[in-house]
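Atoms within each ligand, like the ligands themselves, are counted from 1 in listed order.
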Amino acid sequence: MAESTRRPLISANWKMNLNHLEALKVVQELSYLVSKDDVDEVDITIHPPFTDLRTVQTALESDKIPFYLGAQNVHEAESGAFTGEVSAPMLSKLNVRYVIVGHSERRQIFGETDAVINKKVKAVVKNEMRPILCVGETQEQRDSGEAESVVTQQLQACLKGLKEDQLEHLTLAYEPIWAIGTGNTASADDAQEMCALVRSVVASEFSSEVADVTRIQYGGSVKPTNAAELLNKPDIDGALVGGASLEAQSFAQIVQFRLHDFEAL
Ligand code: 13P
């Protein structure tokens, strides 16, 4: 299938930062900095905290800002007695298009297992949104040579039971845990190697047709200075950006990675 379907997907994961007023300001600033040419080439998703979603949705729709709305998490059930949780139908009703699932912070801090993440991926797909499924190894796992087996097992478990036609809008994000929020980006060659592995797992679990069109993001200390080198790698189709997405200027520079000579920044 055509590789051209793998348009770069650049995602802003704001984590637990920016209240709804601050969110509005960043989105508006970003809409001035990002040009039509940029959105012709790149898909942009903004993943604010739940409390900001309605505000950001309204801003995107009323001002016709061509960014997709995203969420950072979802509960696997449709509704019920789950105090503090938010369901996929609720997100879908806000025109959320992309949902991050299985972020390492959810796994490590909140104890999410592959089995739960698998249910969340299914809930997102069932509600006609697009999962961004995160996988990645710890520093210890990398040091002991287990990075590839850890990521392979995460993918197998989190995608279990999905059918090929449910993977049409799947994005995978390779986020090595040691690179998140540390300033230690994976080298572009290491990130490429792991993203190629992720693609090969999709090929062996499903088919090479699915693998060829699945977008694979790299995440972990992506900045304007390293975005181009990472995104120019053949198996890296986008970036999941944390810290550098909180300011419009730096996120816009990442979105515009094609225009920047990374040596010069
Ligand atoms: P940083 O870009 O802050 O390292 O965060 C990456 C991340 O976790 C995105 O989901």
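At a cut-off of 3.5 Å, with distance as the only test, a side-chain donor of Glu61 or Asn95 sits close to an acceptor on the other residue. Of the N and O atoms on the side chains of Tyr174 and Glu137, at least one donor lies less than 3.5 Å from an acceptor on the other residue. No side-chain N or O of Arg142 forms a donor-acceptor pair with one of Gln139 less than 3.5 Å apart.
Residue-ligand proximity: Gly219 is placed with every non-hydrogen atom at 4.0 Å or more from ligand 1. Contact analysis puts Gly220 in contact with ligand 1, with a non-hydrogen atom separation below 4.0 angstrom. Contact annotation: Ala179 has at least one heavy atom less than 4.0 Å from an atom of ligand 1.
Applying the 4.0 Å criterion to heavy atoms of Gly181 picks out, from ligand 1, the atoms 1 (P), 3 (O), 4 (O). Atom numbering of ligand 1 starts at 1 in the shown order; those under 4.0 Å from a heavy atom of Ser221 are 1 (P), 2 (O), 4 (O). For ligand 1, the atoms lying closer than 4.0 Å to a non-hydrogen atom of Asn13 are 9 (C), 10 (O). Under a 4.0 Å criterion applied to the non-hydrogen atoms of Gly242, ligand 1 contributes the atoms 1 (P), 2 (O), 3 (O), 5 (O), 6 (C), 9 (C).
Nearest non-hydrogen protein atom to atom 5 (O) of ligand 1 is Lys15 NZ, 3.2 Å. In terms of protein heavy-atom proximity, atom 3 (O) of ligand 1 is closest to Gly243 N, 2.8 Å. Scanning the protein heavy atoms around atom 9 (C) of ligand 1, the nearest turns out to be Glu175 OE2, 2.9 Å.
Minimum heavy-atom separation, Met194 to Ala147: CE-O, 3.8 Å.
Arg7 and Asp40 are not joined by a salt bridge, as no carboxylate oxygen comes within less than 4.0 angstrom of a charged side-chain nitrogen.
Remark: Ile46 CD1 to Asp52 CG distance equals 11.5 Å, nearest 0.5 Å.
Using modelled atom types, one side-chain atom of Tyr218 and one backbone atom of Ala186 make a donor-acceptor pair closer than 3.5 Å.
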